Amino acid sequence: MDSVIDVAMELQRVLNNARIISDYDRSVYVERYGEDRVSFIEYQSEILAEPGHNIQACLNIAYDKGFVDCIEMIGRCLSRIEVTE
């Protein structure tokens, strides 16, 4: 049971770090372009979520990079933890 708790705590730490990174990345855009513009682009990407829209493609590149970073952090975390049955 302790190993499950350890895994959960480590994953929570990694996810918290990923959230901090994601929030920082967004804050860079907000600082450069303003909250209104960033929110507008995020909203547009949701309602125009179909192929062929350049706005959504650009946002996907930026946000997917953050998501991939998060997945890699979780993978590194899991590779350091030995979970036994």
Side-chain angles (χ1 to χ4, degrees):
M1 184 64 166
D2 287 340
S3 65
V4 172
I5 292 171
D6 291 342
V7 168
M9 289 174 59
E10 182 70 9
L11 287 176
Q12 185 63 53
R13 185 187 65 76
V14 169
L15 292 173
N16 287 342
N17 288 342
R19 169 53 70 189
I20 290 168
I21 291 167
S22 177
D23 290 345
Y24 173 78
D25 288 348
R26 187 178 188 280
S27 75
V28 170
Y29 289 115
V30 169
E31 184 177 323
R32 173 70 172 95
Y33 301 108
E35 176 67 38
D36 292 343
R37 290 179 179 170
V38 171
S39 294
F40 174 77
I41 294 298
E42 289 171 336
Y43 177 71
Q44 289 297 317
S45 72
E46 290 176 12
I47 63 171
L48 298 175
E50 51 189 68
H53 291 283
N54 293 333
I55 291 172
Q56 199 232 348
C58 291
L59 282 171
N60 281 346
I61 291 168
Y63 288 118
D64 286 350
K65 174 69 172 100
F67 183 69
V68 168
D69 290 346
C70 178
I71 290 171
E72 289 174 355
M73 285 188 289
I74 292 172
R76 286 191 302 271
C77 169
L78 291 174
S79 70
R80 292 191 310 259
I81 299 171
E82 181 180 325
V83 180
T84 57
E85 295 182 25

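Keep in mind the model is a prediction, meaning the values are calculated, not measured. Note that these values count all heavy atoms, side chains included, but never hydrogens, waters or copies made by symmetry.
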Look up atom CG in Leu11 and atom CG in Asp6, then write down how far apart they are to the nearest 0.5 Å. 11.0 Å

Nearest-0.5 Å distance, OG of residue Ser27 to CD of residue Glu35: 10.5 Å

Apply salt bridge (Lys or Arg N to Asp or Glu O under 4.0 Å) to Arg13 and list each qualifying residue two or more places apart in sequence or on a separate chain. Glu10

